[in-house]
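Order of the sequence lines fixes the chain letters, A, B, ..., with proteins taken first and strands second; residue numbering starts at 1 for each chain. Hydrogens, waters and symmetry mates are skipped; everything else that's a heavy atom, side chains included, is used. In this text, all values refer to a predicted model and were calculated from it rather than measured experimentally.
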2 protein chains.
Amino acid sequence: MLNKSRGRPRGRPRTRERIAEVARQEFLEHGYRGATVRGIAAAAEVDSALISYHFGSKEALFGEVMELQCIGARGLSAAFEGDLAGLADRILDAVTSAWEGDAAAPPGLDGAAMGREEVMIVLRGYLESEVVGRLAEFLGGTDARARATAAATVIGGFIFTRYLNPLPSVQSLSSGEARAILEPSLRAALAPRVPRRPYARMGA
Amino acid sequence: MLNKSRGRPRGRPRTRERIAEVARQEFLEHGYRGATVRGIAAAAEVDSALISYHFGSKEALFGEVMELQCIGARGLSAAFEGDLAGLADRILDAVTSAWEGDAAAPPGLDGAAMGREEVMIVLRGYLESEVVGRLAEFLGGTDARARATAAATVIGGFIFTRYLNPLPSVQSLSSGEARAILEPSLRAALAPRVPRRPYARMGA
DNA sequence: ACCAGAATTCAAACGTGCTGAATAAATCCC
DNA sequence: GGGATTTATTCAGCACGTTTGAATTCTGGT
């Protein structure tokens, strides 16, 4: 189909990078839907199966090249370090500062280049792999996955109701207030699951 | 493909409504991605092209069907009645049964087609007025609004990560597991805000 | 020099959402 | 009534994303 002489090519033709560059252009020009795997492969002068081979899926390719890694693996892992008591605070800190652009402002989320659909795709991949995956790994233990999943829905809900589909009540909070209001929920999500004890009642 | 004699059928088979009902079940059972147009069509004993014909697209079908879910979930305030200790459980119950239950679809299906965008708008309005508004009113006190806002982000995150933009980890839970996993977070959101006491540490 | 593995092309298949053409009934208009 | 139009349906098929298996060729380690 490409008639480019079968087999591994000589040297180190940075094919993966070439695909990524082309893909970025195509995504920006035509959007997620408009850009096709076959089209990207053609533009990169490569067989389309190579995209699955190198990136796994169109979504993963999109997530990688549009790396607005909502926090970035580094930032999030950094938040993991430390005691469990402060974990919720550190994560909320990382999330708000990533989305409200202290330093490295994640591009395009407030409008611009990406549509809702694209953002949701990236966010989904991010929550699933970065948050659920890494956090469960960090927490360890039998209930790690349950705790990480709960944390992901709280964090996802925060991003959703504050940035993606903002509720007035959530959007109007200062980032400090938002953190303070949400911290108990995230802390509870992260807490080890204890068999419910009868005296562990909630205050009046 | 269905060998059901071509052309318009006799009488007035309420095909459109039948498709909508089946689609709702399928979407709730398998999520947006998991439910397929062909599967819905097969379950409704109809050719799959009819879905495009009647609804325009899978997304529009989803939007139309899910709007009803949002509106149907307005019976939430019934969950407010009762003691504070069980409030989180009752709310999660109401939410999951509204989104997964088998309440008959109210009439009025034939109307404007809605996309995901519109679903988000409806959901936003719902969370803001129904959850934040009424819940704050129910809770009362100075921190009522903060608690209701926290609850809205947890509930919104739940709907978001389970139904709207489903994460595998969240979608794959049974509704019982989902409730159990999320209950601590919602309970914490609803709890009165106490001035942080130094011994109020989180377990191990 | 050898061999395991990585990188690539190719062909074929599968299930997806969707469209265009054909067809048949219902409805409208004179 | 009867022709024209609209509406509801089936069917055949497209382009897509993805997977698989095989064939091929190069790289890296020993």
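- Other residues, nucleotides and ligands place no more than 12 heavy atoms under 6.0 Å from the CD atom of Glu45(B).
- Leu50(A) has its CG atom 15 Å from the P atom of dA6(C), to the nearest Å.
- Between His54(B) and dT9(D) there is a side-chain N or O to OP1 or OP2 distance below 4.0 Å.
- In this structure, Ile40(A) places its CD1 atom 10 Å from P of dT18(D), rounding to the nearest Å.
- The separation between Tyr32(A) atom OH and dG17(C) atom C1' is 14 Å, rounded to whole Å.
- In this structure, the CG atom of Asp47(B) is 17 Å from the P atom of dA22(C), given to the nearest Å.
- Listed by chain and number, the residues in a side chain to side chain contact (heavy atoms under 4.5 Å, CB included) with Ala152(B) are Leu167(A), Val131(B), Val132(B) (sequence neighbours excluded).
- Between Arg18(A) atom CZ and dT8(C) atom P there is a gap of 8 Å when expressed in whole angstrom units.
- Partners of Arg90(A) according to the side chain to side chain donor-acceptor pair (under 3.5 Å) rule, which considers only residues two or more places apart in sequence or in another chain, are Asp83(A).
- For the pair Tyr53(B) and dT9(D), the criterion of a side-chain N or O lying under 4.0 Å from OP1 or OP2 is not met.
- Looking at heavy-atom distances under 4.0 Å, Ala41(B) makes no contact with the nucleic acid at all.
- Using a cutoff of 4.0 Å between basic side-chain nitrogens and carboxylate oxygens, Asp89(A) and Arg179(A) are not scored as salt-bridged.
- For Arg33(A), the side chain to side chain donor-acceptor pair (under 3.5 Å) test picks out Glu117(A), Glu59(B), with sequence neighbours left out.
- One can place NZ of Lys58(A) at 21 Å from P of dG15(C), the figure rounded to the nearest angstrom.
- Not counting sequence neighbours, the partners of Glu128(A) by the side chain to side chain donor-acceptor pair (under 3.5 Å) test are Ser169(B).
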Note to self: Output one letter per nucleotide in nucleotides 19-26 of chain D: B when a protein non-hydrogen atom lies under 4.0 Å from the base, S when only the sugar-phosphate is that close, - when neither is.
What the structure shows: B--BBBBB
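- Counting atom types as modelled, Arg38(B) pairs a side-chain N or O with a base atom of dG17(C) as donor and acceptor under 3.5 Å.
- For the pair Glu59(B) CD and dT16(C) P, the interatomic distance rounds to 17 Å; values are reported in whole Å.
- At the heavy-atom level, Ala60(A) lies nowhere under 4.0 Å from the strands shown.
- Distance, Ile51(B) CD1 to dT19(C) C1': 15 Å, rounded to whole Å.
- For Tyr53(A), the ring-ring contact (aromatic ring centres under 6.0 Å, His included) test picks out no residue, with sequence neighbours left out.
- Residue Val37(A) places its side chain closer to dT18(D) than to any other of dT9(C), dT8(C), dT18(D).
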